[in-house]
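To start, the structure itself, in structure tokens.
One-based numbering, in listed order, for ligands and for the atoms of each.
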Amino acid sequence: MSEKLGFIGLGIMGKGMALNLLKKGFDVCVWNRTKSKTEELVSAGATAGDSPADVTAKSDIIFICVSDTPDVEAVVLGENGVLETVKAGSLVIDHSTISPQTTKDIAAKIEAKGAKMLDAPISGGNEGAANGTLSIMIGGDSDQVERAMPYLEAMGKTITHVGAQGAGQSVKLVNQILVIGTMVSLGEAMLFAQASGLDMQKTLDAVSGGAAGSWTLSNRGPQVAQRDWRPGFTIDLQQKDLRLVLEAADQMAVPAMTTSLAFNLYRTLQAKGLGHEGNHAIVKALENLVDIKVGE
Ligand code: NA7
């Protein structure tokens with residue numbers, strides 16, 4: 001008998017994830033700050049809760065996928081939040097990417113109510129969320145990871161228990177350092193290809209299968225070539241993740257030079273009002289340094 005599920009936060013990622021839980025036949029109660037976003041989920045078989053507290057009262061396992069650290073604090077610790085109604089024995093799984101330290105603080109408050117928490121940030125963009133192929137990196141107790149596995153398997157393909165609470169968030173930041181290095185290289189490479197007068201598609205075809213191949217190149221390279229800036233993941237959220245990396249790197253006194261470069265390049269795009277575009281639009285920050293535009 002499956003447990004009753006709650007899902008809080010139906011943005012680009014949360015929507016696909018909740019739909020995949022419904023497709024597997026699980027019982028899901030949803031809530032989103034902007035109520036209209038619940039409609040598609042309700043059509044697909046979900047019930048709608050009135051608040052995070054309401055969803056939590058009706059659920060054994062509560063999934064959260066909201067933007068940033070203060071937003072997780074708002075839906076968990078705020079008025080009508082998860083903490084008000086969470087039952088002993090329930091499990092809260094946070095898929096948002098937030099501060100590893102705040103994750104541990106929130107987990108302590110949830111555990112004081114006799115419930116449990118896993119940090120389980122995700123990677124794989126909107127495609128991964130829609131197709132159920134996310135990478136999920138989990139921090140927390142093994143027995144709770146085991147309990148959550150049937151549901152996580154509905155949403156993800158590479159599901160890794162990486163350590164104690166907070167470790168999931170730290171591994172996600174490792175993931176973001178790797179993603180952003182590739183993203184900066186993608187922008188630099190595409191600009192170079194354009195300046196060289198190359199055919200963009202042929203160039204992508206030639207390099208994607210070799211040592212330079214990557215998820216970013218395969219999924220975002222064609223988008224850059226077509227100047228399609230629709231977000232799989234927005235600049236604003238990418239910037240937020242890079243800030244988390246830089247804060248943690250500062251605390252640990254380790255260098256994060258490429259992350260810092262990307263953070264500042266994105267800042268120039270945010271200053272131009274482009275924070276809602278996809279993170280592959282980083283190429284525009286490089287284009288702005290010279291009089292060349294990829295794909296034009
Ligand atoms: P989106 O598509 O920007 O969605 C963000 C979601 O978070 C969306 O449902 C928001 O509700 C919700 N949100 C944001 N702030 C709040 C507050 N303060 N209270 C309640 N709900 C809130 O982001 P993604 O789906 O791409 O990413 C979500 C997380 O996964 C993020 O941490 C990524 O780094 C990974 P709205 O619809 O705006 O009312």
Side-chain angles (χ1 to χ4, degrees), residues 6-20 28 30-41 46 48-56 62-84 92-100 102-103 106 118-131 134-139 152 155-156 168-177 179-180 183 219-220 230-245 247-248 259 263 266 270 274-280:
F7 209 108
I8 295 168
L10 305 169
I12 291 178
M13 302 300 283
K15 177 182 131 186
M17 295 165 77
L19 281 171
N20 280 327
V28 189
V30 297
W31 178 84
N32 194 68
R33 180 179 59 181
T34 306
K35 201 171 173 213
S36 55
K37 290 191 194 166
T38 58
E39 285 163 14
E40 185 177 345
L41 279 294
D50 294 330
S51 64
D54 186 37
V55 167
T56 303
I62 303 99
F63 300 85
I64 299 173
C65 191
V66 296
S67 306
D68 200 349
T69 308
D71 307 312
V72 175
E73 289 177 321
V75 299
V76 177
L77 311 178
E79 196 181 340
N80 291 319
V82 169
L83 202 64
E84 286 185 9
V92 177
I93 304 179
D94 184 20
H95 291 295
S96 326
T97 301
I98 65 166
S99 145
T102 306
T103 288
I106 292 175
L118 298 174
D119 48 304
I122 47 181
S123 177
N126 59 329
E127 296 91 342
N131 299 333
L134 291 170
S135 292
I136 309 179
M137 33 224 108
I138 314 171
L152 298 175
M155 303 186 285
Q169 294 295 351
S170 294
V171 171
K172 175 65 193 281
L173 297 186
V174 171
N175 184 83
Q176 295 309 68
I177 294 170
V179 165
I180 206 58
M183 202 63 87
N219 287 277
R220 301 296 173 235
R230 283 176 296 171
F233 192 55
T234 63
I235 286 174
D236 284 340
L237 286 179
Q238 182 70 77
Q239 179 78 350
K240 175 263 303 181
D241 288 357
L242 300 186
R243 174 173 44 74
L244 294 172
V245 172
E247 282 169 4
T259 305
F263 180 84
Y266 280 128
Q270 288 176 313
L274 303 180
H276 60 284
E277 293 194 344
N279 52 356
H280 53 294

For ligand 1, which atoms sit closer than 4.0 Å to a heavy atom of [X]?
X      : answer
Phe233 : 33 (C), 34 (O)
Gly9   : 9 (O)
Gly11  : 2 (O), 4 (O), 8 (C), 9 (O), 25 (O)
Ser96  : 32 (O)

Heavy atoms only: give me the nearest Thr234-His276 pair and the separation to one decimal.
CG2-O, 3.7 Å
Looking only at atom types and distance, does a side-chain atom of [X] sit under 3.5 Å from a main-chain N or O of [Y], one as donor and one as acceptor?
X      : Y      : result
Ser99  : Thr102 : yes
Asn32  : Lys37  : no
Asp119 : Gly168 : yes

Does some non-hydrogen atom of Lys15 fall short of 4.0 Å from ligand 1?
no
Less than 4.5 Å apart, side chain to side chain, heavy atoms only: is that true for Val92 and Thr56?
no
Answer whether the closest heavy-atom distance between the side chains of Gln169 and Asp94 falls below 4.5 Å.
yes
Identity and distance of the protein heavy atom lying nearest [atom]:
atom                    : value
atom 37 (O) of ligand 1 : Lys37 NZ, 2.6 Å
atom 5 (C) of ligand 1  : Ser67 OG, 3.3 Å
atom 23 (O) of ligand 1 : Leu237 CD1, 3.1 Å
atom 25 (O) of ligand 1 : Met13 N, 2.8 Å
atom 2 (O) of ligand 1  : Ile12 N, 2.8 Å
atom 34 (O) of ligand 1 : Lys240 NZ, 2.8 Å
atom 16 (C) of ligand 1 : Arg33 NH1, 3.3 Å
atom 12 (C) of ligand 1 : Val66 CG1, 3.8 Å

Would you call Asp71 and Lys240 a salt bridge, taking side-chain N to carboxylate O under 4.0 Å as the test?
no
Ile106 CD1 to Glu73 CD distance, which is reported to the nearest 0.5 Å:
5.0 Å
Give yes if a backbone or side-chain nitrogen or oxygen of Trp31 is under 3.5 Å from a nitrogen or oxygen of ligand 1, and no if not.
no
Indicate yes or no: does an N/O atom of Leu10 lie under 3.5 Å from an N/O atom of ligand 1?
yes
Among Leu134, Thr234, Val75, the residue with a heavy atom nearest to atom 19 (N) of ligand 1 is Val75
Between Ser123 and Asn175, does a side chain to side chain donor-acceptor pair (under 3.5 Å) hold up when you go through it step by step?
CA-CA 8 Å; Ser123 177; Asn175 184 83; 3.1 Å; yes
Starting from the C-alpha separation in whole Å, work towards a yes-or-no answer on side chain to side chain donor-acceptor pair (under 3.5 Å) for Gln176 and Asp241.
CA-CA 7 Å; Gln176 295 309 68; Asp241 288 357; 2.7 Å; yes
